[in-house]
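Each remark here refers to the structure printed beneath this line.
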Protein chains: 2
Amino acid sequence: MVQDSIQVLQTQGYKVTKPRRQVLAILNGAQRPLSPYDIQRLLRQQGKHLNHVTIYRILDLFCSLNLAHKLLSTGGFVKCVLGDKEGCHRFMVCHRCGTLQEFADEGLCQEENEFTRNFDFHTKYHLSESSGLCSNCYRKQHQKQGNA
Amino acid sequence: MVQDSIQVLQTQGYKVTKPRRQVLAILNGAQRPLSPYDIQRLLRQQGKHLNHVTIYRILDLFCSLNLAHKLLSTGGFVKCVLGDKEGCHRFMVCHRCGTLQEFADEGLCQEENEFTRNFDFHTKYHLSESSGLCSNCYRKQHQKQGNA
DNA sequence: GGCTAATTGCAACATTGTTGCATTTAGTCT
DNA sequence: AGACTAAATGCAACAATGTTGCAATTAGCC
């Protein structure tokens, strides 16, 4: 996974530096969207120190290469797991544990685009975010209620 | 419109203060999502000075009363134009002029919820944002290309 | 190993968001 | 209308997040 991204960097003529490897590793290990400062904090816990400016610039680069994706909704960054052929991203974010899951559906995407077209709006990019409880947290919440 | 919101404040036992009226007026006059500091700047242009802390608190209150809605995507605030019966908000944001339009569709909403249910995810709130060009800006962009 | 452009770090700053407490004010009662 | 009081606002100080220009470092090349 990280290796794939490194490939992209190399073939596009970008240097594979230590900071870039470190940010890649963090993004790949994360289950939730991370802000630049989140990434800095996580690295610091591993005894690695990166300047926040550097992280901002690395994330900008990654997004431009589609190695990462910036959620409009949270401002957080996630690694790109699905292609972006439709300019459409769908996420489920658990408001209890913060985990994030990406999913895709062309049908939904097309429907949404048709809808906006009715308003004479020309959609370039679509973001959809469902916030709620992931299966784990739902179960836990339920157990709690059962006990109380 | 503003009058309706004032009604809500009164019936819920909140004071109708000058700052609250001013923020309501700005939100109602705006065609795009506004950050707290945006609102402060707009008011200042009218010779009205509000502390930013006050604006933050007013917006919090408005959101809790459903008089305003905070976009997850931009962090900006808009007045609530449509009911929130489904916990679902759909927006079109023009990336050229920044204007925003809200729309609703129960069908889309239900479909989306079914989808997430397949992942064993329990959706509480759904946000959908289409970013692209509004009809005006699309036309302008086209004219430009024609001339160039 | 040395060279050079690309990358990173640093410093300084701008913007945005938060908290506690003193001051002011809207709504109520007389 | 004037006084009272809880609610609301303003203020000060701070914390967190983003941005810019320039000097120092480093990856990828010879």
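Numbered from 1 within each chain, the chains take letters A, B, ... in sequence-line order.
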Inset, instruction - Rounded to the nearest angstrom, tell me the gap between atom CZ in A/Phe62 and atom P in C/dT7. - result: 11 Å
Inset, instruction - Would you kindly say whether A/Ser130 and B/Thr116 are connected by a side-chain donor-acceptor distance under 3.5 Å? - result: no
Inset, instruction - Check the angle between the aromatic planes of A/Tyr37 and A/Tyr56 and answer parallel, tilted or perpendicular using the 30° and 60° thresholds. - result: perpendicular
Legend entry - Whole-Å gap separating P (D/dA27) and CZ (A/Arg20): 11 Å
Legend entry - Candidates C/dA11, C/dG9, D/dG10 - which lies nearest the side chain of A/Arg57: C/dG9
Inset, instruction - Would you please say whether a donor-acceptor pair under 3.5 Å links the side chains of A/Arg41 and A/Gln45? - result: no
Inset, instruction - Quickly work out the B/Ile39 CD1 to C/dT15 P distance and round it to whole Å. - result: 18 Å
Inset, instruction - Send over the distance from A/Arg41 CZ to D/dA15 C1', rounded to a whole Å. - result: 11 Å
Inset, instruction - Grab the CG-C1' distance between B/Leu59 and D/dA8 for me, whole Å please. - result: 15 Å
Inset, instruction - Round to the nearest Å and state the distance from B/Asp60 atom CG to C/dT18 atom C1'. - result: 11 Å
Inset, instruction - Mark yes or no for whether A/Asn113, through its side chain, and A/Gln110, through its backbone, hold a donor-acceptor pair below 3.5 Å. - result: no
Inset, instruction - Could you tell me the separation between the CG atom of A/Leu34 and the C1' atom of D/dA16, rounded to a whole number of Å? - result: 17 Å
Inset, instruction - For the pair A/Arg20 (side chain) and A/Lys15 (backbone), establish whether a donor and an acceptor sit closer than 3.5 Å, ignoring hydrogens and angles. - result: yes
Legend entry - Options C/dT16, D/dG18, C/dT7, nucleotide nearest the side-chain atoms of B/Tyr56: C/dT16
Legend entry - Polar side chain donor-acceptor pair, A/Thr123 to A/Glu112, under 3.5 angstrom: no
Inset, instruction - Could you encode protein contacts along nucleotides 22-30 of chain C as a string, one character per nucleotide from 5' to 3', using B for base contact, S for sugar-phosphate-only contact and - for no contact, with a heavy-atom cut-off of under 4.0 Å? - result: ---BBS---
Inset, instruction - Would you state whether a donor and an acceptor, one from the side chain of A/His52 and one from the base of D/dT19, lie under 3.5 Å apart? - result: yes
Inset, instruction - Determine: side-chain N/O of A/Tyr37 to OP1/OP2 of D/dA16, distance under 4.0 Å, yes or no. - result: no
Legend entry - A/Gln40 CD - D/dA15 P separation (whole Å): 17 Å
Inset, instruction - State, without any angle test, whether A/Thr54 and A/Asn51 hold a side-chain donor-acceptor pair at a distance under 3.5 Å. - result: no
Inset, instruction - Starting from the 5' end of DNA chain D, give me the residue, B/Gly13 or B/Asn51, whose nearest nucleotide shows up first. - result: B/Gly13
Legend entry - Nearest listed nucleotide, side chain of B/Val53, among C/dG17, C/dC10, D/dA12: D/dA12
